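Everything below concerns the one structure shown next.
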Amino acid sequence: MLRVDSVADAHLALQQSPDLRVIAADRMIADLCARLAVLDPAVTIRTERLAPVELHAEQAIPLGLALSEILTNALRHAFPPGAGGVIGVRATAVASVLEIVVQDGGRGLPAEPTPQTGLGSIIVRALAAQLDAEVTTASAPGAGTTVTLRLPLAQCRPAARASVAA
């Protein structure tokens, strides 16, 4: 259901777009974070520095889906059930790259590397390939996990408005 909601969010953002072809990435990210935050009231999703970048619909929809999967994995696995925590999300546009970082202070991944074979990981890798984006994961047991998605900025354009931050 969350995957369907992510597509619906992207379509809603398109409807709010002045030309129906581009989506304000910062608004889309903030809206997605707000929607997913209700899944676990003990966990706070905090948005920081969301770059005002507009994406073409062809990039925004798979990006929204990938980000939804990353956030959902963090909500489900970062913290013990019922335990509080914070997941930070930031998006910056630097040196021709839109970089989105999702970082939690949770349990982290096991010390022994395990193949990322869950459906969410498979979907994120497939969507990243579709976007010509790079996804990296850094983690240590007890020290949280950071997932970074880097999308070439050549496919994006800076927005001519102020950023939205929650």
Side-chain angles (χ1 to χ4, degrees), residues 1-14 23-40 43-51 53-79 85-141 143-156 166:
M1 185 65 170
L2 292 174
R3 292 177 184 114
V4 173
D5 286 344
S6 297
V7 174
D9 285 343
H11 281 275
L12 179 61
L14 265 176
I23 294 176
D26 55 333
R27 283 191 199 144
M28 181 184 79
I29 293 168
D31 290 347
L32 180 61
C33 289
R35 178 185 294 265
L36 293 175
V38 301
L39 294 178
D40 188 343
V43 177
T44 300
I45 299 178
R46 189 172 294 144
T47 55
E48 312 153 356
R49 297 185 315 212
L50 298 180
V53 171
E54 291 180 335
L55 299 173
H56 295 283
E58 296 82 23
Q59 287 88 36
I61 292 171
L63 177 64
L65 284 168
L67 184 57
S68 175
E69 291 296 332
I70 293 166
L71 286 166
T72 300
N73 280 344
L75 284 165
R76 287 183 179 155
H77 304 294
F79 307 101
V86 176
I87 299 170
V89 179
R90 73 177 179 271
T92 55
V94 179
S96 72
V97 172
L98 175 61
E99 182 177 87
I100 300 172
V101 178
V102 177
Q103 184 172 25
D104 67 64
R107 296 184 270 210
L109 298 173
E112 287 295 313
T114 57
Q116 295 180 335
T117 57
L119 182 58
S121 296
I122 292 168
I123 290 172
V124 169
R125 286 195 306 272
L127 291 165
Q130 179 181 340
L131 290 164
D132 196 26
E134 173 189 347
V135 178
T136 57
T137 302
S139 185
T145 302
T146 301
V147 178
T148 304
L149 183 101
R150 291 180 185 90
L151 175 67
L153 201 53
Q155 299 179 25
C156 314

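Quick caveat, the model's predicted, so the values are computed rather than measured. The first residue of the sequence shown is numbered 1, and numbering continues consecutively from there.
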Check the pair T137 / L109 against side-chain contact (heavy atoms from CB on, under 4.5 Å), numbers first and verdict last. CA-CA 10 Å; T137 302; L109 298 173; 3.9 Å; yes
Which atom pair, heavy atoms only, marks the closest approach of [X] to [Y]?
X    : Y    : answer
L32  : S68  : CD2-N, 3.7 Å
A51  : A93  : CB-N, 3.7 Å
V97  : R150 : CG1-CB, 3.7 Å
C33  : L71  : SG-CD1, 3.9 Å
G108 : T145 : CA-OG1, 3.5 Å
S139 : G144 : OG-O, 3.0 Å

Can you tell if the side chain of L63 reaches within under 4.5 Å of the side chain of L149, non-hydrogen atoms only?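 Result yes, sub-4.5 Å side-chain heavy-atom pair found.
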Is there a side-chain contact between I123 and L65 (heavy atoms, below 4.5 Å)?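 No. Closest side-chain heavy atoms not under 4.5 Å.
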Rounded distance [0.5 Å steps], [atom1] in [X] versus [atom2] in [Y]:
X    : Y   : atom1 : atom2 : value
D104 : I70 : CG    : CD1   : 12.0 Å
R35  : I45 : CZ    : CD1   : 12.0 Å
Q130 : Q59 : CD    : CD    : 9.5 Å
I29  : R90 : CD1   : CZ    : 12.0 Å
Q103 : R46 : CD    : CZ    : 12.0 Å
D26  : D31 : CG    : CG    : 9.5 Å

Please report the C-alpha distance between L67 and M28 in whole Å, then the side-chain angles of each, then the deciding distance to 0.1 Å, and finally whether the side-chain contact (heavy atoms from CB on, under 4.5 Å) criterion is met. CA-CA 10 Å; L67 184 57; M28 181 184 79; 5.9 Å; no
side-chain contact (heavy atoms from CB on, under 4.5 Å) for R49 and T92? Distances and angles first, verdict last. CA-CA 7 Å; R49 297 185 315 212; T92 55; 4.2 Å; yes
Checking side chain to side chain contact (heavy atoms under 4.5 Å, CB included) between L151 and each of I100, V135, L55, which is the one that passes?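 The residue from I100, V135, L55 that satisfies side chain to side chain contact (heavy atoms under 4.5 Å, CB included) with L151 turns out to be L55.
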Looking only at atom types and distance, does a side-chain atom of R107 sit under 3.5 Å from a main-chain N or O of F79, one as donor and one as acceptor?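 Here the side-chain-to-backbone pair exists.
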